[in-house]
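Down below is the structure, laid out as structure tokens.
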Amino acid sequence: MPYDRLYVEFVYYFNVARDYFECHEVMEELWLEEGRHPLYQGLLQVAVGLYHYRNGNTGGSIKLFTAALDKLDNYPEDALGIDLGRLRDDSRLYLHKLTHAEEQPFAFYDLDILILDAELEALVEELRLHPPEPHEED
């Protein structure tokens, strides 16, 4: 399956660089190019949910994870070369922790996107070896 370069960059920024702001930048560009596909928007919202929690915005993070799961629940376990089912499960657990963070605070932690397709894995590894330039604001 040929993967869009922006999608590969999204997975790289998510799994390797842990730069959720850049995840947002590249996925929003792809989302707009691809006719606002809900799957891309859901992935984008997981990244932005992590970005918000890392920056202390628990309420914003809850909103983004909730919106992400609403979209991602409509897709199969295996989509776009990744284990979407696992990402959903991990996101649900994160959301559960976020909704109870006031009485049970927890430290920010990253999520991982499990890559199932060897081609996508190789493309992300190539970016790990030769990182992309961050995207400029238009």
Hey, any chance L72 and L95 share a hydrophobic cluster, counting ILVMFWY side chains that come within less than 4.5 Å of each other, even indirectly? yes
Can you tell me if E103 has over 12 outside heavy atoms packed within less than 6.0 Å of its CD? yes
Determine whether I62 and F65 fall in the same hydrophobic cluster, where Ile, Leu, Val, Met, Phe, Trp and Tyr are linked whenever their side-chain heavy atoms lie under 4.5 Å apart. yes
Can you tell me how far CG of D4 sits from CG of L80, rounded to the nearest 0.5 angstrom? 10.5 Å
For D83 and R88, run salt bridge (Lys or Arg N to Asp or Glu O under 4.0 Å): C-alpha distance rounded to whole Å, both residues' side-chain angles, the deciding distance at 0.1 Å, then the answer. CA-CA 9 Å; D83 187 338; R88 279 194 304 252; over 6 Å; no
Taking atom OG1 of T58 and atom CD of E102, what is their separation to the nearest 0.5 Å? 9.0 Å
Rounded to the nearest 0.5 Å, what separates atom CG in L111 from atom OH in Y94? 6.0 Å
Got a second to check how far H24's NE2 is from L64's CG, nearest 0.5 Å? 8.5 Å
If I take atom OH from residue Y75 and atom CG from residue L84, how far apart are they, to the nearest 0.5 angstrom? 9.5 Å
Look at D78 together with R86 and state whether they make a salt bridge at an N to O cut-off of under 4.0 Å. no
Report yes if some heavy atom in the side chain of Y3 is under 4.5 Å from a heavy atom in the side chain of V124; otherwise report no. no
Are side-chain N/O atoms of N57 and Y51 paired as donor and acceptor at under 3.5 Å? no
Just wondering, more than 12 heavy atoms not from R92 lying within 6.0 Å of its CZ? yes
Test item: E121 and V11 side chains (from C-beta on) under 4.5 Å apart, heavy atoms: no
Evaluate the criterion side-chain contact (heavy atoms from CB on, under 4.5 Å) for residue pair F14 and M27; output intermediate values, then yes/no. CA-CA 11 Å; F14 197 100; M27 188 55 89; over 6 Å; no
Hydrophobic cluster identity match, L116 and L39, side-chain contacts under 4.5 Å: no
NE2 of H96 to CD of Q104, rounded to nearest 0.5 Å, is 7.0 Å
Would you find a donor on one side and an acceptor on the other, under 3.5 Å apart, between the side chain of D19 and the backbone of Y13? no
For Y53 and Y20: C-alpha separation, side-chain torsions, deciding distance, then whether ring pair (Phe, Tyr, Trp, His ring centres under 6.0 Å) applies. CA-CA 11 Å; Y53 191 58; Y20 302 114; over 10 Å; no
Hey, any chance Y40 and L114 share a hydrophobic cluster, counting ILVMFWY side chains that come within less than 4.5 Å of each other, even indirectly? no
Take atom NZ in K71; do more than 12 heavy atoms of anything else shown fall under 6.0 Å from it? yes
